[in-house]
Amino acid sequence: MNRQVEVLADVNAIVARSLALILERAHQAIAERGQFTIALAGGSTPKPLYEAIAQQPLPWEQVHVFWGDERYVPPTHSDSNEGMARRAWLDHVPMPATNIHPMPTQAADPAIAAQQYDQELRDVFQVQPGEFPALDVVLLGMGDDGHTASLFPHTDALAVRDRLITVGNKDGQPRLTFTAPFINHARSVFFLVAGANKQTALAHVFSETANDEDYPARMIRPQGELWWLLDEAAGVKQGV
Ligand code: 6PG
């Protein structure tokens, strides 16, 4: 694992730095493989990044967008990660609808929806059961409890090793989420973390002694690049 940790002045600096790094990787992926695949994080931190990406002159027909997790609500719901990314980015660029792969949230049983998305990814990437496709970029946030995607502390999702997608659980509310092994197959993983309220969890994530069940972001140890882009409020005193 190639881990880079950067403490930047503020969220704007995180957006500028992550945008530059993502664009580099997008152009490289398109040059080498003819397409760029990215999984989006939800929550609030990445929204300005999505707004910035929308301003870039990328070959949108060669960009494919997935979600690393989703609240189990319709895309019209204010909590929807899909809705946020469409309003901030995807509604503003000429990306073919077939390039946009939202997590399905219509099935009555979230476990069925997880299987549907797992199969959709296998079809898109042409991988067999037991194989994990490598996305070019996976964007992640981290909650103040150390969760990432919808891999919450002490939940069943943390133990799922044989699938791409599983059902997460936030205080009894179902989520859909990438599994840790799927995230770890990405070429580049970017954590965007801002705010003093993340300091304590970050210290445990970076420590030698904490355990993954308590701080699931520790489970993200990709074979490729791992970037932690922190603002000063989150990153100060981390000694990183
Ligand atoms: C979600 C996210 C989640 C998020 C963290 C941080 O669906 O909420 O994917 O993992 O990244 O909770 O959220 P903030 O960026 O809002 O602090």
Side-chain angles (χ1 to χ4, degrees), residues 8 10-15 17-19 22 38-53 65-89 101-105 110 113-114 117 135 137-155 157-158 160 164-180 182-184 186 189-202 204-205 212 214-220 222 226-235:
L8 301 155
D10 52 25
V11 173
N12 290 339
I14 290 178
V15 169
R17 178 68 170 141
S18 56
L19 179 65
I22 290 164
I38 182 170
L40 305 186
S44 56
T45 305
K47 185 168 179 284
L49 170 60
Y50 301 158
E51 290 165 343
I53 295 177
V65 172
F66 305 84
W67 276 262
D69 78 314
E70 184 59 275
R71 294 82 182 276
Y72 208 67
V73 294
T76 51
H77 191 287
S78 59
D79 287 350
S80 168
N81 291 337
E82 173 190 351
M84 183 271 275
R86 286 188 185 276
R87 287 189 296 276
W89 169 13
H101 305 268
M103 289 182 148
T105 57
Y117 200 59
L135 270 69
V137 166
V138 173
L139 297 178
L140 295 172
M142 187 195 74
D144 58 12
D145 60 354
H147 84 262
T148 189
S150 282
L151 300 169
F152 287 89
H154 304 287
T155 57
L158 303 187
V160 178
L164 307 181
I165 309 299
T166 193
V167 178
N169 176 337
K170 178 180 183 175
D171 306 330
Q173 293 303 311
R175 301 275 191 96
L176 298 183
T177 186
F178 277 19
T179 60
F182 182 22
I183 294 169
N184 285 335
V189 177
F190 290 86
F191 276 97
L192 311 183
V193 181
N197 65 315
K198 308 290 175 77
Q199 266 180 25
T200 304
L202 268 179
H204 290 291
V205 169
D212 293 358
D214 292 329
Y215 298 95
R218 295 172 58 86
M219 299 175 73
I220 308 308
L226 176 59
W227 291 85
W228 284 88
L229 301 180
L230 315 174
D231 73 351
E232 277 174 5

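The figures here come from the full heavy-atom set of this structure, side chains too, leaving out hydrogens, waters and symmetry mates. Atoms within each ligand, like the ligands themselves, are counted from 1 in listed order. Numbers here are sequence positions counted from 1.
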Report task. Could you say whether the N/O atoms of G42 and ligand 1 ever approach to under 3.5 Å? Result -> yes

**Report entry** For atom 13 (O) of ligand 1, closest protein heavy-atom neighbour
**Finding:** G43 CA, 4.0 Å

Report task. Compute the minimum heavy-atom distance from R71 to ligand 1 and say whether it is under 4.0 Å. Result -> yes

Requested in this report: Decide side chain to side chain contact (heavy atoms under 4.5 Å, CB included) for N184 and I220; before the verdict, give the C-alpha distance in whole Å, the side-chain angles of both, and the deciding distance to 0.1 Å.
Outcome: CA-CA 6 Å; N184 285 335; I220 308 308; 3.7 Å; yes

Query raised in the report: Can you list the ligand 1 atoms lying under 4.0 Å from a non-hydrogen atom of A149?
Result: 3 (C), 9 (O), 10 (O)

Query - N or O contact, S150 vs ligand 1, cut-off under 3.5 Å - result: no

Query raised in the report: Any donor-acceptor pair under 3.5 Å linking the side chain of R71 with the backbone of D79?
Result: yes

Query raised in the report: Are any non-hydrogen side-chain atoms of F178 and L135 less than 4.5 angstrom apart?
Result: yes

**Report entry** Under 3.5 Å donor-acceptor, K47 side chain and M84 backbone
**Finding:** no

Requested in this report: Measure the distance from atom 5 (C) of ligand 1 to every protein heavy atom, then report the residue, atom name and distance (to 0.1 Å) of the closest one.
Outcome: H147 NE2, 3.5 Å

Report task. Say whether T148, considering both its backbone and side-chain N or O atoms, lies within less than 3.5 Å of an N or O atom on ligand 1. Result -> no

Query raised in the report: For ligand 1, which atoms, with element, lie under 4.0 Å from some heavy atom of D69?
Result: 1 (C), 2 (C), 7 (O), 9 (O)

Query raised in the report: Counting each atom of ligand 1 from 1 as listed, which ones have a heavy atom of S44 under 4.0 Å away?
Result: 14 (P), 15 (O), 16 (O)

Query raised in the report: Do side-chain atoms of R218 reach the backbone of H204 as a donor and acceptor pair under 3.5 angstrom?
Result: yes

Requested in this report: Starting from atom 6 (C) of ligand 1, find the nearest protein heavy-atom neighbour and note its residue, name and distance.
Outcome: M142 O, 3.6 Å

Report task. Examine the proximity of ligand 1 to T45 and report which part, side chain or backbone, both or neither, has a heavy atom under 4.0 Å away. Result -> both

Requested in this report: Return the residue, atom name and 0.1 Å-rounded distance of the protein heavy atom closest to atom 17 (O) of ligand 1.
Outcome: K198 NZ, 2.7 Å

Query raised in the report: When rounded to the nearest 0.5 angstrom, what is the spacing between CZ in F66 and CG in L164?
Result: 11.0 Å

Report task. Would you kindly specify which portion of L140 sits under 4.0 Å from ligand 1, judged on non-hydrogen atoms: side chain, backbone, both or neither? Result -> neither

Report summary line: So the atoms of ligand 1 within less than 4.0 Å of a heavy atom of G141 turn out to be 11 (O)

Query - Donor-acceptor under 3.5 Å (E70 side chain, N81 main chain) - result: yes

Query raised in the report: For D69, does its backbone N or O pair with a side-chain atom of T177 as donor and acceptor, under 3.5 Å?
Result: no

Report task. Any chance you could measure D212, atom CG, to L158, atom CG, to the nearest 0.5 Å? Result -> 8.5 Å

